[in-house]
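First listed ligand is number 1; within each ligand, the first listed atom is number 1. For the numbers below, each heavy atom of this structure counts, side chains included, while hydrogens, waters and symmetry mates do not. Since the structure is predicted, the reported quantities are computational estimates derived from the model, not experimental observations.
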Amino acid sequence: MSLMDDARAVRERAYVPYSNFKVGAALRASSGTVHVGCNVENVAYPEGTCAEAGAIAAMVAAGDLDIQEVAVIADSPTPVSPCGGCRQKLAEFGKADTKVVLGTTDGLLIETTIGELLPSVFSTEHMARS
Ligand code: THU
């Protein structure tokens, strides 16, 4: 089973009564363990969480801190593009060259990296004088 298969499976559990847009994310950690997440919306809209954020929370809770590969899937015409906040969250635990596969439910795939998704990442280097 590929990492995208894991993302596809967890996507089915997304809680999306407001957008009706289900997203699934799967992360392979350096330990080899796969952590998954789906988007979970809320009637107070800004309180909803993205699939990627859910997968990262599951990963950290399980004791992993290094992302080796990411897969994200949605039923979109073109492969889903992680939001800006999730790009920064992925950068916290991955590297610039960490592989990210973005997919659609009908099989389109794009392969990119965390660095391509967020070229000017905010990092601890920016806080060097503090
Ligand atoms: N969403 C994600 O879960 N991940 C993304 O990469 C893009 C957007 C969710 C947030 C919200 O529940 C729904 O998709 C519509 O924005």
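The ring-ring contact (aromatic ring centres under 6.0 Å, His included) test applied to F122 returns H126, not counting sequence neighbours. In terms of the salt bridge (Lys or Arg N to Asp or Glu O under 4.0 Å) criterion, E41 has no residue partners (sequence neighbours excluded).
Other residues, nucleotides and ligands contribute more than 12 heavy atoms inside 6.0 Å of the CG atom of D106.
Within the hydrophobic cluster formed by Ile, Leu, Val, Met, Phe, Trp and Tyr side chains joined at under 4.5 Å, directly or through other members, L118 is accompanied by V121.
For the residue pair R28 / T98, no side-chain donor-acceptor distance below 3.5 Å is found, with atom types taken as modelled.
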Enumerate the pairs of nitrogen or oxygen atoms, one from ligand 1 and one from the protein, separated by less than 3.5 angstrom; state names and distance to 0.1 Å.
from	atom 1	to	atom 2	distance (Å)
ligand 1	3 (O)	A51	N	2.9
ligand 1	4 (N)	E52	OE1	2.9
ligand 1	6 (O)	E52	OE1	3.4
ligand 1	6 (O)	E52	OE2	2.6
ligand 1	12 (O)	N39	ND2	3.0
ligand 1	12 (O)	E41	OE2	2.5
ligand 1	14 (O)	N39	ND2	3.4

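Using a 4.5 Å heavy-atom threshold, the side chains of F93 and V60 count as touching.
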